[in-house]
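Contents: one structure, followed by commentary.
Keep in mind that what you see is a predicted model, and the values were worked out from it rather than measured.
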Amino acid sequence: MAVKKEYRDVIKSILSEYARHRPTGGEIEMETIFDDIQGRYQLVAFGWQGKKRVHGCLIHIDLKNEKVWLQHDSTDAEIAQQLVEQGISADQIVLGFQPEKYRQHSGFAVN
């Protein structure tokens, strides 16, 4: 359980840092969604860019089976590497957005 709390703290710290940045152009807000009970964490962008509605998940991370599953990363920031730099071992991180057959070549956990 202590490991999961450590993982949660790292994930929340990274997502909170990105939530502080406001995208240029339009009236876009950044919002974090933290669900400690389910082990789900997201960074969502929403608002308006002119007449176009913007709403989407930028980063989605789950805690599953004692590992950190990076489900979605639409940033250029290499969130998986940032998780490693914050102390989570690469063998505890699964790149869930990649097909399982490719994960073995990623340097991160397969599942």
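Taking the side chain as every heavy atom from C-beta outward, Gln86 and Ile11 never approach each other to under 4.5 Å. Side-chain contact between Leu95 and Tyr102: absent, with no pair of heavy atoms (C-beta onward) separated by less than 4.5 Å. Leu70 places a side-chain heavy atom less than 4.5 Å from the side chain of Phe97. Gln92 has its side chain out of reach of Val68: every pair of non-hydrogen atoms, C-beta onward, lies at least 4.5 Å apart. Tyr41 places none of its side-chain heavy atoms less than 4.5 Å from the side chain of Asp62. Put simply, the side chain of Met30 does not reach to within 4.5 Å of the side chain of Val44, judged on heavy atoms. Residues Val84 and Phe108 form a side-chain contact, since some pair of their non-hydrogen atoms from C-beta on lies under 4.5 Å apart. Annotation: side chain of Phe46 is in contact with side chain of Arg53 (closest heavy-atom distance under 4.5 Å).
Environment of CD in Glu100: crowded, with over 12 heavy atoms of neighbouring residues, nucleotides or ligands closer than 6.0 Å.
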Passes salt bridge (Lys or Arg N to Asp or Glu O under 4.0 Å), Glu27 versus Arg22? Steps please. CA-CA 9 Å; Glu27 294 295 321; Arg22 187 178 176 140; 2.8 Å; yes
Side chain to side chain contact (heavy atoms under 4.5 Å, CB included) assessment of Phe34 paired with Arg40: CA-CA 6 Å; Phe34 298 154; Arg40 294 189 170 96; over 6 Å; no
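With rounding to the nearest 0.5 Å, the separation of CZ in Arg8 from CD1 in Ile61 is 13.5 Å. To the nearest 0.5 Å, atom OG of residue Ser89 and atom CG of residue Leu83 are 11.5 Å apart. If you take OG1 on Thr32 and CG on Leu43, they are separated by 7.5 Å, rounding to the nearest 0.5 Å.
Between Lys12 and Asp36 there is a salt bridge, since a side-chain N of the basic residue sits under 4.0 Å from a carboxylate O of the acidic one.
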